[in-house]
Amino acid sequence: MRQDAVTLERFYASPLGRAAGRVLTGKLTDLWGDAAGLTMLGLGYALPVLDAFGAAPARIIAAVPFEHGPVRWSASERGNASVAVGDPRLPFPDALFDRVIVLHGLEETGDPRAYLREIWRVTAPEGRIVLAAANRSGLWSRVTQTPFGQGRPWTRSQLSNLLSGGLFQVTASSSALYMPPLSNSLVTSAAEGWEAIGRTLAPGLGGVVLVEAVKRLYAPPNGGAAAPVTERIRLARPAQAARREDH
């Protein structure tokens, strides 16, 4: 059962949620810049990170599952929109989106492969997606007071295998949310510091795993990379990105 929108909104309005959103948006903007002129889709509950792109994309659509209930988002002020969708069918034409972000979507879907097939269908050729999911090895997936403690957590290899089997080529991966999931001002105010320390001392133990992939008509089995999302990647040259390794 999916979390309701009120619970998610309340979390991301809290100091801990704002810090988590700040860290995750930093990862995405480091990876994609401002996505100027591109069409972007947010799946699951991606509202906390979509606003970071501002008005630069040509359009941003937030597709929120019916089960979440109604959501509040000021997207109309920028000519964008939020829509309620079923699982897994998406009400969009083929190859519409250049960038797709999945946050709080994969952990609670009933059929991850069918979910990914729909994402592949609506992603443009050579379009990029990021799957952000609770890390099975991290502390956040064990704390049910946050949205990352709900549903099925994932490992980086599981996400990579899912993408490779779904005609995506993995180009980058990373972990995020190394701060303890505590609503303490000493923790939340130093979120970026926790990230720096965590990447150095325990790079695989962040609370969230992020994996980026590009849509291919054919993706080689087990193809991909372990390049860190925190570093900029030349998106037009996935073969170069594939040689980078996460440290």
Side-chain angles (χ1 to χ4, degrees), residues 1-25 27-28 41-51 62-73 82-90 100-116 118-119 129-163 173-184 187-188 191 194-195 198 204-211 229:
M1 181 176 178
R2 291 191 181 274
Q3 302 167 82
D4 64 86
V6 173
T7 299
L8 290 161
E9 289 173 0
R10 186 179 297 121
F11 170 75
Y12 280 105
S14 71
L16 181 61
R18 288 196 299 271
R22 191 169 68 244
V23 168
L24 293 173
T25 55
K27 294 280 190 177
L28 291 166
L41 173 66
L43 287 172
Y45 190 81
L47 305 184
V49 298
L50 293 179
D51 280 329
V64 181
F66 287 113
E67 295 92 334
H68 281 322
V71 299
R72 294 176 293 179
W73 189 42
S82 61
V83 298
V85 298
D87 187 1
R89 186 67 182 177
L90 298 174
V100 180
I101 300 167
V102 182
L103 177 64
H104 302 304
L106 193 60
E107 296 96 327
E108 298 177 50
T109 187
D111 189 338
R113 295 187 183 279
Y115 192 66
L116 192 66
E118 275 297 280
I119 295 173
I129 76 169
V130 165
L131 300 183
N135 183 3
R136 184 179 297 277
S137 301
L139 180 61
W140 286 66
S141 66
R142 295 167 170 78
V143 180
T144 58
Q145 287 82 1
T146 81
F148 298 99
Q150 310 298 320
R152 172 192 176 183
W154 292 73
T155 66
R156 188 181 313 210
S157 62
Q158 286 173 335
L159 290 178
S160 297
N161 290 338
L162 178 69
L163 287 161
S173 63
S174 184
S175 297
L177 299 189
Y178 290 94
M179 61 182 173
L182 301 173
S183 295
N184 182 297
V187 172
T188 57
W194 283 99
E195 293 300 299
L205 297 181
V208 173
V209 178
L210 300 98
V211 179
V229 172

Shortest non-hydrogen contact from Val187 to Pro180? CG1-O, 3.6 Å

Nearest 0.5 Å, please: how far is CG in Leu24 from CG in Leu210? 6.0 Å

Kindly write out the residues that satisfy ring pair (Phe, Tyr, Trp, His ring centres under 6.0 Å) with Phe148, not counting sequence neighbours, or none if the list is empty. His104, Trp140

With a 4.5 Å limit on heavy-atom distance, are the side chains of Ile101 and Leu50 in contact? yes

Strictly by modelled atom types, are Gln3 and Glu108 linked by a side-chain donor-acceptor pair under 3.5 Å? yes

Just jot down the side-chain hydrogen bond (donor to acceptor under 3.5 Å, both in side chains) partners of Arg10, sequence neighbours excluded, or say none. none

Nearest 0.5 Å please: distance from the OG1 atom of Thr146 over to the CG atom of Leu16. 7.0 Å

What distance separates Leu163 CG from Leu131 CG, expressed to the nearest 0.5 Å? 4.5 Å

From CD (Glu9) to CG (Asp4), nearest 0.5 Å: 9.0 Å

For the residue pair Ser173 and Val211, what are the closest heavy atoms and their distance? CB-CG2, 4.1 Å

Leu106 versus Leu159: any side-chain heavy-atom pair under 4.5 Å? yes

List the steps and the verdict of side-chain contact (heavy atoms from CB on, under 4.5 Å) for Ile129 and Leu116. CA-CA 10 Å; Ile129 76 169; Leu116 192 66; 4.2 Å; yes

For Ser14 and Phe11, indicate whether the former's side chain and the latter's backbone hold a donor-acceptor pair under 3.5 Å. yes

Looking at every heavy atom in both Pro153 and Gln158, which two are closest together, and how far apart are they? O-OE1, 4.2 Å

Check this for me: Arg136, atom CZ, are more than 12 non-hydrogen atoms of other residues, nucleotides or ligands nearer than 6.0 Å? yes

Taking the side chain as C-beta and beyond, is there a heavy-atom pair between Leu103 and Val208 under 4.5 Å? no

Where do Trp154 and Ala133 come nearest, in terms of heavy atoms and distance? CD1-CB, 3.9 Å

Return the minimal non-hydrogen interatomic distance between Ala134 and Glu107, and the atom names on each side. N-OE2, 2.8 Å

With Arg156, which of Ser174, Ser175, Ser137 fulfils side chain to side chain donor-acceptor pair (under 3.5 Å)? Ser175

State the CG-OH distance between Leu47 and Tyr12, to the nearest 0.5 angstrom. 10.0 Å

Gln150 side, atom CD; Gln145 side, atom CD - distance, nearest 0.5 Å: 9.0 Å

Heavy atoms of Thr25 and Pro48 approach each other most closely as CG2-O, 3.5 Å

